[in-house]
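Heads up: the structure comes next, in structure tokens.
Please read all numbers here as calculations on a predicted model, not as lab measurements.
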Amino acid sequence: MMKTATRAALLGLTLACSLAAPAMAADVRVSVTAIVDHPALDAARKGVTDELADAGYVNGKNLKLEYQSAQGNTATAAQIARKFAGDKPNVIVAVSTPSAQTALAATREIPIVFSAVTDPVAAKLVKSWEATGGNVTGVSDLPSLDKHLAALRKALPAAKRIGVVYSPGAANSVAAIAELKKLATPLGMTVVEAAAPRTVDVASAAQSLIGKVDVFYEPTDNNVTSAFESLAKVADQGKVPLISADPSVATRGAAIGMGTNYYDLGRQTGKLVVRILKGETPGKIASEVSTTLEMHVNKSAAQRQGATFSEDFLKTATKVID
């Protein structure tokens, strides 16, 4: 009887283990990559993981989540993309345009969900903003440039020359500048550009615009954002107000930061990831644009940069930093 009971127990344990194996195999894998680590992209990534957790996908339990940053290097981004393609996760989440482009170059089969991509059509990630097939969808941080210009004119009515420091290799920035020029011209405003191919070039590019512009505008260029303090320092020294399309950088020296809340952008991105994990195909999901718009004003930074804002303007801000 004892031997029979022991054999029965062992048989039960073996059966339990065999049943447990498929459950482990059913666990999902999500691989996340970003071109660089900085607060906006980090916030987007956190939004994605929080949305996954709220949907029941918890890292270390039923989710294997991997993250790798390219540290600003596109060659590294391509290596990460190829690794992820070889790993065959359920979904690749690409935060930033370069990361999404390299992911698409690495695989046309694994679902890719982009986040913080300004213009996915110009970046050739999707054929249009509609659902057009393929393995890519995502959420854009396309800035409402018309609203940005309206706020700029209200805050700084005398400003006519807009200086933009940007990375010429960033499709996001190139697209934003083209749209900015289109909107600024009818308003009697001009856009003056200064290229900064690397983060170390940001300060010198900004310095070259001193005396030529009335205001700096930063269109969420990843290289520039990574070196934002150097841009802010030039703005302070040159007494040129600095405006960014990222609200969070108001704490890093921008007089005004207006645009997407990147954590909310990540949550919105995470919802698309969950839909794909539940069986939808990315090719049938239209690309989306961030639904949030915030404006943060840093009064101290504005003062250092020679700007004073009216009380009426300050009342329109989502957040005012003294």
Under a 4.5 Å side-chain heavy-atom rule over Ile, Leu, Val, Met, Phe, Trp and Tyr, are [X] and [Y] clustered together?
| X | Y | result |
| --- | --- | --- |
| L187 | I177 | yes |
| I321 | L242 | no |
| I92 | V30 | no |
| L52 | V113 | yes |
| V202 | V213 | yes |

Can a donor-acceptor pair be found, under 3.5 Å and without considering hydrogens, that links the side chain of [X] to the backbone of [Y]?
| X | Y | result |
| --- | --- | --- |
| T107 | I110 | yes |
| N90 | V28 | no |
| T33 | A94 | no |
| D87 | P89 | no |
| Q268 | V289 | yes |
| R161 | K212 | yes |
| S208 | A205 | yes |
| D214 | K160 | yes |
| S290 | D141 | no |

For the [atom1] atom of [X] and the [atom2] atom of [Y], what is their distance to the nearest 0.5 Å?
| X | Y | atom1 | atom2 | value |
| --- | --- | --- | --- | --- |
| D119 | S140 | CG | OG | 7.0 Å |
| Q79 | T102 | CD | OG1 | 10.5 Å |
| D264 | T269 | CG | OG1 | 10.5 Å |
| Y262 | R45 | OH | CZ | 15.0 Å |
| R29 | F84 | CZ | CZ | 9.5 Å |
| S248 | N261 | OG | CG | 8.5 Å |

How about [X] and [Y]: do any of their side-chain heavy atoms sit closer than 4.5 Å?
| X | Y | value |
| --- | --- | --- |
| E179 | L142 | no |
| E51 | V273 | no |
| Y217 | L145 | yes |
| V126 | V121 | yes |
| R267 | D50 | yes |
| V136 | K127 | no |
| S287 | T137 | yes |
| T97 | V117 | yes |

> For atom CD of Q71, is the number of surrounding heavy atoms from other residues, nucleotides or ligands below 6.0 Å larger than 12?
Replying inline: yes
Of all the heavy-atom pairs spanning [X] and [Y], show the shortest one and how long it is.
| X | Y | result |
| --- | --- | --- |
| A44 | V95 | CB-CG1, 4.3 Å |
| L183 | D146 | CD1-N, 3.6 Å |
| Q305 | A255 | OE1-CB, 3.5 Å |
| Q303 | K239 | O-NZ, 4.4 Å |
| D246 | V249 | O-CG2, 3.1 Å |
| L41 | S96 | CD1-CB, 4.3 Å |

>> Please evaluate residues F309 and L156 with respect to the criterion side chain to side chain contact (heavy atoms under 4.5 Å, CB included), reporting the C-alpha separation (whole Å), side-chain torsions for both, the decisive distance (0.1 Å), and the verdict.
In response: CA-CA 8 Å; F309 302 131; L156 303 164; 4.0 Å; yes
>> Determine whether L272 and R275 satisfy the following criterion, side chain to side chain contact (heavy atoms under 4.5 Å, CB included), listing intermediate values before the conclusion.
In response: CA-CA 5 Å; L272 298 188; R275 288 171 62 181; 3.7 Å; yes
>> Between K83 and E66, does any NZ, NE, NH1 or NH2 come within less than 4.0 Å of an OD or OE carboxylate oxygen?
In response: yes
Which atom pairs, one a donor and one an acceptor, fall under 3.5 Å between side chains of residues 218-234 and the rest of the protein, sequence neighbours left out?
residue	atom	partner	partner atom	Å
E218	OE1	S244	OG	2.7
E218	OE2	T220	N	3.1
E218	OE2	D221	N	2.8
E218	OE2	T225	OG1	3.0
D221	OD1	N223	N	3.0
D221	OD1	V224	N	3.2
D221	OD2	S167	N	2.6
D221	OD2	S173	OG	2.6
N222	OD1	H38	NE2	3.0
N223	ND2	S167	OG	3.3
N223	ND2	P197	O	3.2
T225	OG1	D221	O	2.9
S226	OG	N222	O	2.9
E229	OE1	R252	NH2	3.0
E229	OE2	R252	NE	2.8
S230	OG	A227	O	2.6

>> Walk me through whether K46 and D42 qualify under salt bridge (charged side-chain N to carboxylate O under 4.0 Å, His left out).
In response: CA-CA 6 Å; K46 187 175 190 310; D42 295 347; over 6 Å; no
> Can you list the steps and then say if M295 with I256 is a side chain to side chain contact (heavy atoms under 4.5 Å, CB included)?
Replying inline: CA-CA 7 Å; M295 182 167 69; I256 302 172; 3.8 Å; yes
